2 protein chains.
Amino acid sequence: MRGFKNTLRPISILPPEAEEQIHRASLTMLRDTGVVFEEPRALDLFRKAGVRVDEAQQRVYLPPEFVEEEIRKAPSQFTVHARDPRNDVMIGGDNLVLAPVSGPPFVADLESGRRDGTVKDQRDLIRLSEVLAVMHHGCPEVAVKDLPVETRHLDILYDQVTMSSKGMIGDAWSTLRARDHIDMMAIVFGGREAILDKPVLVGIINSNSPLRYDSNMAEGLIEYAAAGQVNIITPFIMAGATSPVTLAAAVAQQNSEALAAVVLAQMVRPGAPVMYGSFLTGLEMRTGAPAFGRPEAALGILGSAQMARRYGLPCRGGGVLTNSKIPDHQAGTEKMMMLWPLLLGGVHYVLHAAGWADGGLTASFEQMVLDAEMLEMFGRFFTGVLVDEGTLALDVIARVGAGGHFLGEEHTRQRFKTEFYFPTLADTEAYESWVKKGSKDAAARATERYKKLLATYQKPPIDPAIDEELRDFVARRKREIEATL
Amino acid sequence: MRGFKNTLRPISILPPEAEEQIHRASLTMLRDTGVVFEEPRALDLFRKAGVRVDEAQQRVYLPPEFVEEEIRKAPSQFTVHARDPRNDVMIGGDNLVLAPVSGPPFVADLESGRRDGTVKDQRDLIRLSEVLAVMHHGCPEVAVKDLPVETRHLDILYDQVTMSSKGMIGDAWSTLRARDHIDMMAIVFGGREAILDKPVLVGIINSNSPLRYDSNMAEGLIEYAAAGQVNIITPFIMAGATSPVTLAAAVAQQNSEALAAVVLAQMVRPGAPVMYGSFLTGLEMRTGAPAFGRPEAALGILGSAQMARRYGLPCRGGGVLTNSKIPDHQAGTEKMMMLWPLLLGGVHYVLHAAGWADGGLTASFEQMVLDAEMLEMFGRFFTGVLVDEGTLALDVIARVGAGGHFLGEEHTRQRFKTEFYFPTLADTEAYESWVKKGSKDAAARATERYKKLLATYQKPPIDPAIDEELRDFVARRKREIEATL
């Protein structure tokens with residue numbers, strides 16, 4: 001299986017009483033303030049379960065016991081399958097799964113700068129992600145502007161599933177897109193029945209915070225849950241704008257929104273796989289932007305992961321995010337300010353783990369490879385310090401003794417390759433030799449690196465019959481959708 | 001007092017048995033392989049304590065019980081005083097003290113590039129550090145090339161102690177420099193007797209790994225301990241070169257070297273304040289450079305801090321280090337790869353916390369302010385998530401409800417300034433406005449920032465009598481030293 005084993009013990013940033021207070025505040029909010037679901041099927045399900053529904057406001061008021069009972073039905077661990085079983089991923093436990101950036105309207109590289117995303121860029125990003133072993137699941141996605149918005153979801157998933165052998169992230173916006181994507185994955189895996197208890201597709205469900213799911217997201221959630229596919233439920237909490245400015249309230253409101261949607265998924269299909277998602281940031285009051293890579297976001301990740309852990313729900317963390325437009329010092333520090341808390345919180349699935357730039361508006365080729373190297377470091381970090389007679393090497397130290405050195409020792413030659421991580425992008429040259437080679441910064445080296453990696457891409461084989469069936473499906477659905485326009 | 005309270009509970013990266021194995025391996029090494037001290041006074045002390053000394057090799061073989069007994073005499077917590085008591089720092093416990101870069105031969109800024117350090121640069125760096133509140137202790141130092149090496153330690157400390165009101169890092173290389181610096185601090189604080197139980201100076205003692213202290217460092221250690229001043233004992237471990245390549249051996253050998261010098265300090269003066277220092281990195285096999293900001297270094301910090309904790313010794317961590325020549329993405333990520341483990345390990349004192357570049361060869365003005373902002377974020381991070389009725393804000397959420405927003409709420413206006421950290425350098429502008437302002441990267445913004453900060457510097461007042469006494473001392477010692485050349 002693909003993925004890291006996170007060997008860090010999760011940090012609890014909230015003392016037990018604070019965690020309890022947030023839990024209770026969330027249940028109070030769900031009971032007294034309620035949550036809006038702008039989708040009749042959702043309201044029906046709540047009504048049938050005996051939940052009070054305000055029809056005019058499309059608002060449901062959830063009793064605490066009911067919430068606690070329903071969320072217990074969600075699995076704490078499950079496998080998401082890929083068409084190459086070596087790319088299956090386990091979600092939950094001590095597993096850590098990393099996925100690339102998804103959703104930006106723009107793409108950028110240092111040579112051409114920022115531009116609208118196109119099919120060509122999208123395909124190059126898929127290729128790049130496919131060759132990066134540390135991208136465990138999913139394919140990058142940009143809002144390709146050279147395809148019609150009504151049908152491009154078909155082309156995008158077709159490209160992703162034929163060009164990549166990794167697990168798939170699907171579109172969960174609206175019944176139409178959700179069904180199309182589930183149908184396409186059903187073609188790949190042998191029919192809808194075959195995937196009902198075998199998740200092969202992950203959808204992202206965002207609330208319209210505060211306390212609201214719009215019709216398209218509620219539809220998508222229902223479709224994914226009904227088909228046995230994974231819903232990553234991610235409230236869109238920007239403290240100070242879509243929630244109160246205080247972190248305690250932000251985590252509590254996020255908790256209410258996440259739990260409400262987990263309940264809905266369980267009512268659709270008990271045991272439906274879900275992730276408790278967090279994308280919690282503060283608002284940068286001076287510019288109105290979400291403030292990524294800040295201490296508030298770091299605390300938010302840790303608090304969110306702790307709440308998910310309380311409920312035994314697998315946790316998705318927001319990502320390795322930055323506001324920086326370019327791969328500079330700010331991008332490096334902000335991303336690390338997001339990444340360490342994700343790992344320390346025991347988050348199980350990190351979307352936007354590589355390639356994210358400019359507050360999510362841009363997918364960056366250089367950032368993809370820079371981020372991948374940052375993530376790879378943790379592959380070594382998680383193996384920890386191995387202590388045994390061979391690694392303690394008292395005999396070697398006794399032999400070398402004071403005044404000696406270890407470079408020429410057999411012990412060194414035998415072990416350095418497994419003991420050390422060897423980065424590709426990080427520069428350790430002597431200053432003079434670095435100048436001689438052009439005084440390149442990490443971003444410039446990343447340009448060379450992503451091009452080299454792209455050149456190594458090989459399309460993974462796919463059964464021609466499945467490929468044909470997918471093409472037929474895409475063509476038919478395009479005709480059907482275009483006929484309705 | 002200046003400093004952060006580190007509210008994170010220290011992580012133990014070594015399971016209890018592994019920690020025990022490293023401890024035992026260290027004691028075995030000290031007993032059977034021994035440590036070289038190239039200084040007769042040190043050997044005398046060991047001999048008088050009944051320790052076996054190999055005179056020809058200047059090597060001492062330390063019995064385990066003796067080591068354990070001596071290190072128990074070292075205090076686990078102490079205050080280091082500054083001439084402005086508001087800049088006193090507490091070392092140990094949950095305190096975290098940050099100090100700027102010290103020692104590089106070069107300085108750099110983006111406009112002039114890299115050059116030899118000069119008195120002017122040195123003074124500008126002192127000014128910059130003085131206005132950065134997050135620099136808790138010490139002054140930056142470069143090996144100023146426009147002063148004679150034999151006497152420049154006098155000019156450097158004179159500048160530092162008159163231009164800065166923070167606590168001082170002194171030179172501990174050789175009896176001569178150590179005594180001069182202690183004498184100067186004695187002038188500031190009212191005599192040698194007055195500082196005997198009141199540490200006002202911190203010296204860095206590096207071993208000549210493996211398992212050796214050269215005469216200059218051993219002399220410095222003895223002078224500082226005898227005068228009641230602080231020794232930061234920092235073995236120079238580069239795994240694969242100065243220790244075996246395996247982290248277990250690197251941590252164990254570092255532990256032996258550190259404990260041996262702690263023992264020496266306690267023999268000189270029982271209760272002498274010391275810190276257990278670590279500067280552990282791997283060797284970058286491809287270039288021969290120390291590999292900063294790597295997973296091995298991160299693990300090394302955590303392992304080292306854990307060993308210091310075992311002995312109840314305050315811990316100094318290597319620093320916020322990078323190999324990068326310039327403040328780019330590599331610098332940002334490598335520094336964060338060093339900083340998080342320092343905080344997670346509960347390290348008490350971080351030297352080179354700001355301004356370090358190019359593997360320690362360069363003190364960078366831009367890096368000083370970029371690093372300071374990175375460190376400041378943790379000031380907010382350590383305050384955590386405050387959970388109470390006011391921060392949970394259930395009433396505000398109920399009032400705003402689904403579809404509303406919180407920007408205009410009184411609750412938001414009242415609390416955003418304390419809830420959020422407000423960076424100066426991080427950009428969150430809209431892309432178009434960022435382009436309009438010159439598409440500057442973080443490093444370019446840092447150039448503007450450090451100049452602005454330098455302009456705000458004000459020289460802290462000093463008693464003119466003390467100033468005169470310091471000047472007289474410096475002048476006299478220069479004459480004396482020059483007479484011996």
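As the structure is a computational prediction, the values presented were derived from the model and not from experiment. Order of the sequence lines fixes the chain letters, A, B, ..., with proteins taken first and strands second; residue numbering starts at 1 for each chain.
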remark   = Tightest non-hydrogen contact, residues B:Glu284 and A:Pro423, listed as OE1-CD, 4.2 Å
message = Please give me the minimum heavy-atom distance between B:Tyr421 and A:Pro295, naming the atom from each residue.
response = CB-CG, 3.6 Å
key: Closest contact, heavy atoms only, A:Glu334 versus B:Ala426   = OE2-CB, 3.7 Å
query = OG1 of A:Thr242 to CG of B:Leu407: how many Å apart, nearest 0.5 Å?
reply = 9.5 Å
request  = Quick one: do A:Trp434 and B:Ile326 satisfy side chain to side chain contact (heavy atoms under 4.5 Å, CB included)? Show the steps, please.
outcome  = CA-CA 11 Å; A:Trp434 173 75; B:Ile326 44 173; 3.9 Å; yes
request  = First locate atom OG1 of A:Thr333, then atom CE of B:Met377, and finally report the distance between them rounded to the nearest 0.5 Å.
outcome  = 5.5 Å
inquiry  = Tell me every residue that passes side chain to side chain donor-acceptor pair (under 3.5 Å) with B:Gln253, counting only those two or more places apart in sequence or in another chain.
reply    = B:Glu257
key: chain B contact via A:Met238 - which portion, at a heavy-atom distance below 4.5 Å   = neither
query = Do the numbers put A:Arg114 on top of the ring of B:Tyr431, so that NZ or CZ is under 6.0 Å from the six-membered ring centre and no more than 45° off the axis?
reply = yes
key: Heavy-atom pairs under 4.5 Å with chain B, option from A:Arg212, A:Met285, A:Glu409, A:Met29 with the top count   = A:Met285
ask   = Quick one: CG on A:Asp441 to CG on B:Asp441, what's the gap to the nearest 0.5 Å?
value = 8.0 Å
query = Should the pair B:Arg286 and A:Phe422 be classed as cation-pi, given the thresholds of under 6.0 Å to the six-membered ring centre and 45° from the axis?
reply = no
request  = Show your reasoning for whether side chain to side chain contact (heavy atoms under 4.5 Å, CB included) applies to B:Ile11 and A:Arg9.
outcome  = CA-CA 8 Å; B:Ile11 280 183; A:Arg9 245 175 75 189; over 6 Å; no
ask   = Between the side chain of A:Glu419 and the main-chain N/O of B:Leu247, is any donor-acceptor distance below 3.5 Å?
value = yes
remark   = Cut-off 4.5 Å, heavy atoms of chain B, and the answer for A:Gln21 is both
ask   = How far does CH2 of B:Trp340 sit from CG of A:Leu339, to the nearest 0.5 angstrom?
value = 10.0 Å
task = Report yes or no: does A:Glu429 contribute a side-chain atom to a donor-acceptor pair with the main-chain N or O of B:Thr287 at less than 3.5 Å?
result = no
Residues which pass side chain to side chain donor-acceptor pair (under 3.5 Å) with B:Glu373, listed by chain and number, not counting sequence neighbours = none
query = Given that the side chain runs from C-beta out, which part of A:Asp388 has a heavy atom under 4.5 Å from chain B: side chain, backbone, both or neither?
reply = backbone
query = Short question: side chain of B:Gln330, backbone of A:Asp427 - any donor-acceptor pair under 3.5 Å?
reply = yes
message = Using the rule given for side chain to side chain contact (heavy atoms under 4.5 Å, CB included), can you reason through B:Thr246 versus A:Val385, listing the C-alpha separation, both sets of side-chain angles and the distance that settles it, and then say yes or no?
response = CA-CA 8 Å; B:Thr246 41; A:Val385 183; over 6 Å; no
Closest non-hydrogen atom pair, B:Gly384 against A:Leu299 = O-CD1, 3.6 Å
task = Would you please say whether a donor-acceptor pair under 3.5 Å links the side chains of B:His329 and A:Gln367?
result = yes
request  = To the nearest 0.5 Å, tell me how far A:Met336 CE sits from B:Met374 CE.
outcome  = 10.5 Å
message = Donor-acceptor pair, distance only, cut-off 3.5 Å: does the side chain of B:Asp328 make one with the backbone of A:Ala442?
response = yes
ask   = Atom CG of B:Asp32 and atom CG of A:Leu394: how far apart are they, to the nearest 0.5 Å?
value = 8.5 Å
ask   = Relative to chain A, which segment of B:Ala239 carries a heavy atom at a distance below 4.5 Å: side chain, backbone, both, or neither?
value = both
request  = Pick one of side chain, backbone, both or neither for A:Ala398, based on which atoms fall under 4.5 Å of a heavy atom in chain B.
outcome  = both
remark   = For A:Ala249 and B:Ala393, the nearest pair of non-hydrogen atoms, with its separation, is CB-CB, 4.3 Å
ask   = Do the side chains of B:Arg294 and A:Phe381 get nearer than 4.5 Å, heavy atoms only?
value = no
remark   = Heavy atoms of A:Lys325 and B:Thr428 approach each other most closely as NZ-C, 4.3 Å
ask   = Counting heavy-atom pairs under 4.5 Å to chain A, which of B:Leu302, B:Thr412, B:Val400 comes out on top?
value = B:Thr412
Check against side chain to side chain contact (heavy atoms under 4.5 Å, CB included), A:Arg399 and B:Thr33 = CA-CA 9 Å; A:Arg399 189 172 57 247; B:Thr33 306; over 6 Å; no
